[in-house]
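The next block holds one structure in the form of structure tokens; read it before the comments.
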Amino acid sequence: MSWIKGIKLLLNDFVYKAPRSLNEALKLIREEDAKVLAGGHSLIPLMKLGFASPESLIDIGKLEELQAIEETNGVLTVGSCVSYRALFESEMVKSYVPLLSKVASQVGDPQVRARGTVGGSLVHGDPASDIAGAILALDATVELVSLNGKGDIVKRKVPAREFFVGFLETVIEDDEILHSISFKNKCHKFSFQKITRREQDWAIVGVAVAQSMHGIGIGLVNLASKPVYLDIKKYEDISELDPEGVSLLLDSVIDPPADIYGDAEYRRHLAEVLLLRCLKEIKETT
Ligand SMILES: Cc1cc2nc3c(=O)[nH]c(=O)nc-3n(C[C@H](O)[C@H](O)[C@H](O)COP(=O)(O)OP(=O)(O)OC[C@H]3O[C@@H](n4cnc5c(N)ncnc54)[C@H](O)[C@@H]3O)c2cc1C
């Protein structure tokens, strides 16, 4: 059991390490039973519940290079340790991919938005992650880093649509850190619809839609065991999508969970209503 300033924490003992560089962090995570800590809003609750008990926590939250938001050659890159608040306050994000800004402003409450990070949410791989819905819709690329045999940093790029593989499971390897998320398409037509039980809460169901010059992307939140991408490339005109068409399309990818907030049928119904609302909003955006 750990103690901080005389307060007993309901956590197993662990060693806290705060590396000063990405290279050092990547070395430290290769140690046995080490886990990356960013904002701690998903990991610490898991540790309190006893579902995770790493021997050491490698705090990457203060590494400057993971906090950057920058545009180079028309590609916007968001560091993995950017908080939701920094994301929705960024003018660059608002002008490039405003969907991301809108979604970030609706995650949890002010405390969660101040500490929770984009990378933490994606690596945690919760099917109810709002930001996952947005990056699927925006056809983003996830950039992972690790050390090669010579100790140099190497990058691996994964399309967001291939990043999530199952419940709380992604393609990231134990020796990798999510470095950043990049967006190559500017996208000003978008819609995000989220039904919550109360203000500032998780989505019972959420739908994110983005339209760029390359087509429409749809990300679905809390409608299967992982965040889901809905492919509608075969529809050249979205006005072809009536309620029946939307229902058939959704059926091909969703497998809604059931919990105290709603059964699978209720979630299926919400998904249809929200997707139709999103498509209407997109159509009406000039
Ligand atoms: C009260 C509350 C309300 C919430 N409401 C919402 C909501 O409405 N919508 C929503 O989408 N989410 C919600 N969340 C979840 C919140 O968005 C996530 O907990 C948060 O974003 C996770 O980020 P973090 O930085 O805290 O990650 P951490 O808890 O630090 O880490 C989470 C996991 O990711 C790993 N990790 C973190 N960063 C990296 C990295 N860069 N590279 C490799 N691995 C990494 C950690 O090892 C850990 O396994 C809520 C959480 C709380 C506590």
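Quick caveat, the model's predicted, so the values are computed rather than measured. First listed ligand is number 1; within each ligand, the first listed atom is number 1.
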Does Ala128 have a heavy atom less than 4.0 Å from any atom of ligand 1?
-> yes
Tell me which protein heavy atom sits closest to atom 11 (O) of ligand 1, plus the residue, atom name and distance to 0.1 Å.
-> Asp130 N, 2.9 Å
Between Ala38 and ligand 1, is there a nitrogen or oxygen pair with a distance under 3.5 Å?
-> yes
Any N or O of Leu178 that comes nearer than 3.5 Å to an N or O of ligand 1?
-> yes
re atom 21 (O) of ligand 1, the protein heavy-atom contact at minimum distance is Tyr84 OH, 2.6 Å
Tell me: protein heavy atom nearest atom 45 (C) of ligand 1, and distance?
-> Val36 CG1, 3.6 Å
Backbone, side chain, both or neither: what part of Ile172 comes under 4.0 angstrom of ligand 1, heavy atoms only?
-> side chain
One finds that the ligand 1 atoms under 4.0 Å from a non-hydrogen atom of Ser129 are 11 (O)
Under 4.0 Å from one or more heavy atoms of Ser80, ligand 1 contributes atoms 41 (N)
Which atoms of ligand 1 have any heavy atom of Asp201 under 4.0 Å away?
-> 8 (O)
How close does the nearest protein non-hydrogen atom get to atom 5 (N) of ligand 1, and which residue and atom is it?
-> Gly108 CA, 3.4 Å
Identify, for atom 44 (N) of ligand 1, the protein heavy atom at the shortest distance, and state residue, atom and that distance.
-> Val123 CG1, 3.5 Å
Shortest non-hydrogen contact from Gln193 to Cys278?
-> CG-SG, 3.4 Å
Lys94 atom NZ: more than 12 heavy-atom contacts under 6.0 Å | yes
Hey, looking at atom 37 (C) of ligand 1, which of Gly61, Gly120, Ser180, Ala134 has the closest heavy atom?
-> Gly120
heavy-atom search around atom 19 (O) of ligand 1 in the protein gives Ser42 OG, 2.6 Å
Check Ile204 against Arg197 and note the closest heavy-atom contact, atom names and distance.
-> CD1-N, 3.9 Å
So, does Lys194 sit close enough to ligand 1 that a heavy atom of it is under 4.0 Å from the ligand?
-> yes
Salt-bridge criterion met for Lys194 and Asp130 (N-O under 4.0 Å) | yes
What protein heavy atom sits nearest atom 31 (O) of ligand 1, and how far away is it?
-> Leu43 CB, 4.0 Å
Do other residues, nucleotides or ligands put more than 12 heavy atoms under 6.0 Å from Gln200 CD?
-> yes
Heavy-atom check, side chain of Leu122 versus side chain of Phe163, under 4.5 Å | yes
Would you indicate whether the side-chain heavy atoms of Asn185 and Val97 approach each other to under 4.5 Å?
-> no
Between the side chains of Ser146 and Glu176, is a donor N or O closer than 3.5 angstrom to an acceptor N or O?
-> no
Side-chain donor/acceptor of Ser121 to backbone N/O of Val118, under 3.5 Å | no
Residues, nucleotides or ligands: over 12 heavy atoms within 6.0 Å of Arg268 CZ | yes
For ligand 1, the portion of Ile60 having any non-hydrogen atom under 4.0 Å away | side chain
Shortest non-hydrogen contact from Ala68 toward Val82 = O-CG2, 3.9 Å
Counting heavy atoms not belonging to His269, are there more than 12 under 6.0 Å from its NE2?
-> no
Nearest neighbour of atom 2 (C) of ligand 1 from the list Val112, Val82, Leu46, Leu122, on a heavy-atom basis = Val112
Any idea which protein heavy atom is nearest atom 15 (C) of ligand 1, and the distance to it?
-> Trp202 CH2, 3.2 Å
